[in-house]
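Atom set for the values below is all heavy atoms of this structure, side chains included, hydrogens, waters and symmetry mates excluded. In what follows, chains carry the letters A, B, and so on, assigned in the order in which the sequence lines appear, proteins first and then strands, with residues in each chain numbered from 1.
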Protein chains: 2
Amino acid sequence: MEELDERKVKILNAIIQNYLETGEPVGSRTISKSSDLNLSSATIRNEMSDLEELGYIVQPHTSAGRIPSDKGYRFYVDHLIAEKDEEISDIKDLMIEKTEKMEKMLKQVVKVLANNTQYATMISAPAITGTKVKFVQLSQVNEHQILSVVMMSGNIVKNKLIDVEEPLNSENMLKLNMLLNTNLNGLTVSDINLTLISRMKAQAGEFEDIIEQVLQTLAETIVDEEDTEIYTSGATNIFKYPELADTQKASEFISAFEEKEELRNLIADIETEGEEKGTGIQVYIGDESPIQTMKDCSVVTATYELGDGVKGTIGIIGPKRMDYKNVMDNLSHLKKQLDQMLKNNEE
Amino acid sequence: MEELDERKVKILNAIIQNYLETGEPVGSRTISKSSDLNLSSATIRNEMSDLEELGYIVQPHTSAGRIPSDKGYRFYVDHLIAEKDEEISDIKDLMIEKTEKMEKMLKQVVKVLANNTQYATMISAPAITGTKVKFVQLSQVNEHQILSVVMMSGNIVKNKLIDVEEPLNSENMLKLNMLLNTNLNGLTVSDINLTLISRMKAQAGEFEDIIEQVLQTLAETIVDEEDTEIYTSGATNIFKYPELADTQKASEFISAFEEKEELRNLIADIETEGEEKGTGIQVYIGDESPIQTMKDCSVVTATYELGDGVKGTIGIIGPKRMDYKNVMDNLSHLKKQLDQMLKNNEE
DNA sequence: GTTAGCACTCATAAAAAAAGAGTGCTAATA
DNA sequence: TATTAGCACTCTTTTTTTATGAGTGCTAAC
């Protein structure tokens, strides 16, 4: 808070608060009346002039009030957000209605979050990389097809049909299953290297083709998951914020949410970066966001964790004048819940 | 064509053609110049006046040109669309890039279709109801968990973890698997009635709990699929058509695509209804569509089929002035491809 | 240091004017 | 009788003009 004395901070805060609510540039008179420091509009004007010079606020045009700059928002997020922990409606009750399946749960989570915050939301499914093979099973479906079932930690199950020339007898099948399980069990996918592969093939003898295919399935599983599944909700909330609602911008924004490609990049970027003062939450204001389409927005994200270093990201995207406090609280609350839920599920 | 003589038909056609392109009301002068029947604008005006009286076209306001009414579009779709089969880029090549998984394929299909047509598109995954159980397999994952894998016709695989007090020995496991397969194989889910259930439980003896759970999984599978998965693409194409692009409408439209609830109803409605002169294609113009949000749109759908009466629906939603010809051609082409692909996959 | 006062700026809203597209009707024409 | 040219009239759309008003910066007084 070097360059700002207490009064300036108060005024800046008042400006931002007001702007968050209204979305309109705020003038000196408004502040003069609303804030508790009894100062005339003229005095405020002088201070505002200073604040502008320091880069915390800007004027859209000569005779308009001021709006926060990215730097202003940044200051707000870093220093001005009150610490009190508001009551947040427990999402747990809403979402656990027999949602056995991860996918359904995640879909519900983003939806609830979008409803709670009235912004656009996204969540990435926990990435499979680093998870371990828990269980492999081949079964003969009919004469020419074998079904391979692979279960990874986190109870993620992958199936694949493998075509074969002729059926395996049950003895061979048993052998193969043994072979696969003893060799693969507990390994992460990156552990499966060439040495291991050739050893397994050697052991499999005439059935090396099948091994080949199972391993390939595993590899594909990874590739599959490399472009992580992302679930979104509330993209149309953007229309609630006039500064983002013109057709041009809205179209791009919503397209980005439909395509999900950019979101994927965003998440990739985020997962490598730091976080906001130890809360596990990251805030990107305007240009700070790595993704161009969102330069008029702010992005707030949290990372949730399964056991084995498996991570997913949950994020909210809205106008710069977003209710940071509420959003951050919601996210950190949700993060905790997810962490906990997934851990339970893991056992 | 009772009430319309040849010339009126020609004029109506010209009006619609023109409106499809421009989206602007078309005046008598335009028609007079563009069409091949050499008539003055005055004559056209008289004819247009008649056409309006008959309800095929309307005037947005007194001194504007005419635009087609729903009745006009309907006439166009029923009688005026040329029959020639234009070349349509083969979607097959684009989509079969090792898309083993139905889901991915469907996602790609809607995307390609949206790209080809520049409208919003949707596709419903083939409903599982009526498919048959092909294969069931239980396997011991660890001491307290059994994985049940059920494969249905169409190669749809469902997994479920079942908790057990203590592990089954391999002999019992084998027995249970036998039991399940012999009893369930080839049955549709609706075939599984109480008689069968109690018989199976009796046979299972002390393991009736497990049978119970497997069957429950099957039941849940159905419920899961009852609200069919729907994939969409190109919702933002709506912004390309000014008559639909105002924030209000666009927001509703895109929300409907995000929620998918209304689309689901739409599809449910459609699957019970008739089709356009034996092409397997249905066209809903404006109010003809059962869903309110789309009353300013037209909806064109096709139903594709897997073997056993398992159906899915693919649809295009766009402005009333949609390029019906192109859309219908695209759909019927795609329908054929899907039918074929899925049949291959089925074997 | 603070404030009242005032001239000035500039976006926005409202009002007025102009332009244009298209019609309906009438009377002339083939 | 069917077609067409011509013209007045209607409405929307666009452009121009004219307020309106919020908000500033600066100066001078407190």
Side-chain angles (χ1 to χ4, degrees), chain A residues 3-12 14-19 21-69 72 242-243 245-246, chain B residues 4-12 14-19 21-69 72 242-243 245-247:
Chain A
E3 48 187 8
L4 297 182
D5 59 34
E6 194 177 342
R7 195 169 74 181
K8 281 198 174 55
V9 169
K10 269 190 182 157
I11 291 173
L12 177 57
I15 292 172
I16 295 183
Q17 289 290 356
N18 193 291
Y19 185 68
E21 276 169 37
T22 65
E24 297 293 322
V26 7
S28 52
R29 195 131 179 289
T30 319
I31 300 299
S32 164
K33 278 192 294 185
S34 75
S35 80
D36 48 351
L37 21 81
N38 280 33
L39 291 174
S40 78
S41 62
T43 314
I44 305 286
R45 268 206 291 288
N46 291 331
E47 293 288 47
M48 281 166 89
S49 183
D50 290 355
L51 281 169
E52 175 157 22
E53 209 164 289
L54 292 168
Y56 291 96
I57 53 182
V58 289
Q59 243 179 329
H61 57 263
T62 341
S63 73
R66 307 301 214 287
I67 64 178
S69 66
E243 67 267 42
D246 72 283
Chain B
L4 297 182
D5 59 35
E6 194 178 341
R7 196 170 73 178
K8 281 199 175 56
V9 169
K10 269 191 182 156
I11 291 174
L12 178 56
I15 293 173
I16 296 183
Q17 289 289 358
N18 193 293
Y19 186 67
E21 276 170 37
T22 66
E24 297 293 323
V26 7
S28 53
R29 195 127 180 291
T30 319
I31 299 300
S32 164
K33 278 192 296 184
S34 74
S35 78
D36 46 352
L37 22 80
N38 279 32
L39 292 174
S40 76
S41 61
T43 314
I44 305 285
R45 269 204 290 289
N46 290 331
E47 293 288 47
M48 282 166 89
S49 184
D50 291 353
L51 281 170
E52 175 156 23
E53 211 163 288
L54 293 169
Y56 290 97
I57 53 182
V58 289
Q59 244 179 328
H61 57 264
T62 343
S63 73
R66 308 301 212 289
I67 64 177
S69 66
E243 68 266 42
D246 73 283
T247 23

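- Considering only side-chain atoms of B:S40, the nucleotide from D:dT4, C:dA11, D:dC7 that sits closest is D:dT4.
- In this entry the distance linking CD1 of A:I67 with P of D:dT24 reads 13 Å, nearest Å.
- With respect to B:Y56, the side-chain contact (heavy atoms from CB on, under 4.5 Å) criterion is satisfied by exactly one of B:I11, B:L12, B:V9: B:L12.
- Between the CG atom of B:N46 and the P atom of C:dG24 there is a distance of 9 Å, rounded to whole Å.
- Comparing B:S49 and A:L39 by the nucleotide of DNA chain C that holds the closest heavy atom to each, the one mapping nearer the 5' end is A:L39.
- Candidate nucleotides D:dT12, C:dT3, D:dA22 were compared by shortest atom distance to the side chain of A:S63, and D:dA22 ranks first.
- In this structure, A:E47 atom CD and D:dG25 atom C1' are separated by 15 Å, rounded to whole Å.
- Contact annotation: B:R66 reaches the phosphate of C:dT23 (side-chain N/O to OP1 or OP2, under 4.0 Å).
- Regarding contacts with the backbone of D:dT24, every side-chain N or O of A:T62 stays at 4.0 angstrom or more from both OP1 and OP2.
- For the pair A:N38 CG and C:dA4 P, the computed distance is 12 Å after rounding to whole Å.
- When each of B:R45 and B:R7 is assigned the nucleotide of DNA chain D with its nearest heavy atom, B:R7 is the one assigned upstream, toward the 5' end.
- In this structure, the CE atom of B:M48 is 9 Å from the C1' atom of C:dT23, given to the nearest Å.
- Atom CD1 of B:I31 and atom P of C:dA21 are 16 Å apart (whole Å).
- Rounding to whole angstrom units, CD of residue B:Q59 and C1' of C:dA21 are separated by 12 Å.
- Taking atom NE2 of A:H61 as the reference point, atom P of C:dT9 lies 14 Å away to the nearest angstrom.
- Contact between the side-chain N/O atoms of B:S28 and the OP1/OP2 oxygens of C:dT23 is found at a separation under 4.0 Å.
- The two atoms that bring B:P25 and B:Y19 nearest to each other are N-CE1, 4.0 Å, heavy atoms only.
- The side chain to side chain donor-acceptor pair (under 3.5 Å) with A:S28 is formed by just one residue from the set A:R66, A:R45, A:K33; it is A:R45.
- Listed here is the closest heavy atom pair of A:L39 and A:S32: O-OG, 2.8 Å.
- For A:T43 and C:dT3, the shortest distance from a side-chain N or O to OP1 or OP2 is below 4.0 Å.
- The backbone N or O of B:G55 lies less than 3.5 Å from a partner atom in the side chain of B:S69, making a donor-acceptor pair.
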